Amino acid sequence: MEDYRSTEQGPKKEAEVARFPFQRQPPWILSILFAVQHVLVQTALLQTVHCLLIDALPSDQTARQHGYQFMATSLFASGISTLLQTTLGSRLPLVQAPSFEYLIPAITLVSSPAETNSSHHNGSDVALLCEGAQCPETDLTLRKWKSTLCEVRGAIVVSGILQVFLGFSGLQGLVFRHCGPMVLAPMLSIIGLSCYKEVAHFSSLHWGVTALLVLQVMLLSQHLCSCHIPICRWKRSKGFVVETYFPLFRIFSLLLPILILWTLCGILQEGNILNPYPPGGSRGILQSNGTGLVPWFNVPIPGEWGAPTINVRSTYTGVIMALGTSIGSLGCYVMCAKVMGCLHPPRDAVNRGIFLEGLGSCVGAFLGGITATSSSVANVGALALTQAESRHSVQIAAVLCILLGMSAKLTYVLTTIPAAVHGGVLSVTYTMAVSVGISYFQYTNIDSGRNIFIIGFTMFMALLTPHWFIRNPDYIVTGVESVDIFLMAVFMMPVIQGGILAFLLDNTVTGTLEERGLVTCFPSFKPKPKDVIKVYQLPPALQRYLWVKSFPLCNLCPSSEPTEECVAERQETKSLLPTPEVLASGGEVGAVDSSRFGVVLSETED
């Protein structure tokens with residue numbers, strides 16, 4: 001992989017490039033700029049999720065008065081979760097942020113009838129608290145949406161606890177082991193395609209600004225990617241000497257367009273054709289009033305916005321959140337490893353990653369946040385565009401998020417970025433998920449009738465079913481509201497349907513190793529097992545404690561990792577369902593081929 005720093009020979013690659021550039025520490029000035037770029041991309045996802053969720057509340061105008069504080073708390077929790085993920089989790093340079101997999105069940109929960117929401121505030125009724133007509137209407141409305149958000153936080157806590165269980169028990173890694181390219185390809189493609197409506201909603205606020213940003217990103221990241229800027233240094237004996245060449249346009253292909261359009265839109269007068277802000281009022285997205293009453297410095301305190309409410313409705317919603325975010329994060333891990341050219345993470349790293357994502361969601365909910373945290377697909381897409389992978393930069397971005405989360409006034413500055421700019425950022429970053437997903441088809445026999453059916457059926461049904469249920473929200477009526485919410489959230493989430501369909505079909509429909517893509521070794525960059533351990537292992541300080549190896553989270557040792565010998569056999573894989581031949585012979589139903597999907601290699605069990 002090409003380094004972001006070139007030698008004096010010009011824009012050519014170095015003779016020997018380190019295998020994993022994201023482990024290196026760039027110069028501090030570059031690390032800080034990369035971190036700012038990550039924060040701006042993360043802000044696009046944060047504000048999109050917050051705006052859509054607040055708009056779905058019964059009284060969104062009242063909730064918008066506190067939008068900056070919700071945003072600040074989410075930034076604070078995302079920073080903590082990112083530090084945990086890059087230090088103790090999967091160890092990949094993954095930024096943590098709310099995801100669209102969380103948004104759909106959350107909106108389904110808050111869009112339920114108001115009288116139901118008002119009866120779940122830690123077991124007390126809002127109407128009784130307000131004593132009916134004696135309570136002012138504004139106070140009643142305030143209590144209603146606060147009660148609703150407490151229920152959302154309860155669902156986040158349930159989701160986080162389930163993710164902690166999936167990681168600690170090793171179930172996530174076990175499922176991950178049986179995800180071949182025929183599972184990853186449609187799943188990643190669906191993750192990238194499933195958010196097009198939300199992106200179009202924000203882009204439609206000013207298509208001109210969105211088009212300008214997309215055009216600039218395309219120009220800098222693709223057409224000018226090989227254009228290197230010489231960095232000169234004055235030497236007394238030789239004068240100005242070219243010290244190195246710097247691919248400025250490529251590595252800052254998102255930072256520069258965002259800053260340019262943000263500045264341009266900020267200085268334009270109201271009524272200008274390129275001004276994307278609504279006429280009159282504040283330019284902040286999350287609030288229509290000023291921030292005079294918001295303090296400059298305020299550390300989020302647990303229970304400040306009320307304790308999370310856990311009831312039947314929030315429990316069912318939390319189960320769907322956990323399922324959706326776990327599938328999305330699994331795809332995000334694979335996408336990040338693929339973008340950086342290293343082996344897919346082993347089961348242990350996946351277990352640790354999901355475990356700490358759930359822990360970060362619980363922390364955010366108890367601090368008063370209204371969003372869960374998961375691995376950000378948008379930031380991985382930014383890595384694919386800029387090719388500026390650095391774990392150090394992501395950790396600096398996490399620190400910046402924590403600092404910004406301590407001040408709602410500073411968070412207000414981020415909310416002045418036009419919504420159309422966010423639409424453009426998400427447009428160019430989520431397309432990377434689609435392209436990475438499509439790239440996995442090369443490892444399979446795409447002409448096989450089996451694979452043609454699985455791909456077409458999975459992707460079509462995963463996009464068709466949610467669209468139908470969105471247009472017919474009253475179709476499911478079981479008589480139990482919590483069950484209705486559960487089923488509606490399941491049928492409206494493309495990621496859940498696509499992931500489950502692809503997993504079941506690939507592991508139950510009989511096919512050869514070649515058809516399933518389990519013969520060819522991929523990715524093409526194949527390091528030795530010791531290099532895999534070097535990437536995903538825990539910090540040296542924790543490796544001294546040998547007892548941690550007994551847990552599925554930390555059992556990372558050479559004997560359990562893949563070797564470099566590819567599986568050359570092309571025997572028929574055994575189906576999870578009994579075939580007529582097996583039933584006739586009385587034989588035992590075999591398990592699915594246990595070859596790893598990242599590089600399908602022989603694996604020695606402990």
Side-chain angles (χ1 to χ4, degrees), residues 77-99 101-102 153 155-179 308 315 318-337 344-367 369 371-377 379-380 391 394-395 398 495 499 532-533 535-539 541-543 545-557 560-561 598 606:
S78 296
I80 294 176
S81 185
T82 302
L83 283 178
L84 291 174
Q85 186 68 232
T86 55
T87 306
L88 303 175
S90 64
R91 303 278 289 164
L92 289 168
L94 292 168
V95 176
Q96 302 297 293
S99 65
E101 289 77 26
Y102 148 82
R153 293 190 191 98
I156 295 174
V157 171
V158 173
S159 172
I161 292 174
L162 287 177
Q163 286 185 295
V164 167
F165 171 75
L166 289 175
F168 191 80
S169 63
L171 290 177
Q172 186 76 12
L174 183 63
V175 173
F176 187 64
R177 182 182 178 182
H178 294 286
C179 293
T315 301
V319 171
I320 299 301
M321 287 182 182
L323 185 58
T325 53
S326 298
I327 294 175
S329 295
L330 187 150
C332 202
Y333 297 158
V334 175
M335 178 183 172
C336 187
H344 294 162
R347 288 172 292 172
D348 317 278
V350 172
N351 290 329
R352 294 198 308 268
I354 293 297
F355 177 89
L356 291 175
E357 280 187 19
L359 186 62
S361 295
C362 292
V363 169
F366 283 113
L367 290 176
T371 57
T373 58
S374 62
S375 297
S376 171
V377 177
N379 286 89
V380 179
R391 181 188 293 153
V394 173
Q395 291 173 335
V495 173
V532 178
I533 297 176
V535 173
Y536 298 107
Q537 68 182 358
L538 290 169
L542 288 179
Q543 295 178 32
Y545 302 98
L546 300 178
W547 59 270
V548 301
K549 292 185 177 181
S550 61
F551 291 97
L553 300 173
C554 312
N555 188 19
L556 183 59
C557 51
S560 64
E561 296 311 308
D606 292 337

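Since we're looking at a predicted model, the values are computed, not measured.
Summarising the geometry, atom NE2 belonging to His344 is positioned 14.0 Å from atom OH belonging to Tyr333; distances are rounded to the nearest 0.5 Å. Remark: Gln172 CD to Gln163 CD distance equals 8.0 Å, nearest 0.5 Å. Rounding to the nearest 0.5 angstrom, the gap separating the CD1 atom in Ile354 from the CG atom in Leu359 is 12.5 Å. For the atom pair CD1 of Ile327 and SG of Cys332, the computed distance is 14.0 Å after rounding to the nearest 0.5 Å. With values rounded to the nearest 0.5 angstrom, Ile320 atom CD1 is found 10.5 Å from Thr325 atom OG1. For the atom pair CG (Leu83) and CG (Leu356), the distance works out to 11.5 Å, reported to the nearest 0.5 Å.
Using a 4.5 Å cut-off on side-chain heavy atoms (C-beta onward), Ser374 and Ser99 make contact. Side-chain contact check for Asn379 versus Leu94: every heavy-atom pair is 4.5 Å or farther apart. Annotation: side chain of Leu88 is not in contact with side chain of Phe355 (no heavy-atom distance under 4.5 Å). Taking 4.5 Å as the limit, some side-chain heavy atom of Phe165 sits within range of a side-chain heavy atom of Leu171. Side-chain contact between Ile80 and Leu84: present, with at least one pair of heavy atoms (C-beta onward) separated by less than 4.5 Å. Within the 4.5 Å cutoff, no side-chain heavy atoms of Tyr536 are placed close to those of Asp348. Residues Arg352 and Ser90 form no side-chain contact, since every pair of their non-hydrogen atoms from C-beta on lies 4.5 Å or further apart. Side-chain atoms of Gln395 and Thr82, non-hydrogen and from C-beta on, never get closer than 4.5 Å to each other.
Pairing each heavy atom of Ile156 with each of Ala372, the nearest pair is CD1-N, 3.8 Å. The two atoms that bring Ala337 and Pro345 nearest to each other are CB-CD, 4.0 Å, heavy atoms only. Between Ser326 and Leu166 the shortest heavy-atom distance is OG-CD1, 3.7 Å. Nearest heavy atom pair, residue Gly324 against residue Val495, reads O-CG1, 4.2 Å. Across Ser78 and Ala97, no two heavy atoms sit closer than the pair OG-CA, 4.1 Å.
With 3.5 Å as the limit, one finds no donor-acceptor pair spanning the side chains of Ser375 and Gln85.
Formation of a donor-acceptor pair under 3.5 Å by the Arg391 side chain with backbone atoms of Arg91 is found in this model.
In this view, Ser81 and Gln96, Thr373 satisfy the side-chain contact (heavy atoms from CB on, under 4.5 Å) rule, not counting sequence neighbours. Evaluation of the side-chain contact (heavy atoms from CB on, under 4.5 Å) rule for Leu162 yields Val158, Val319, Ala322 as partners, not counting sequence neighbours.
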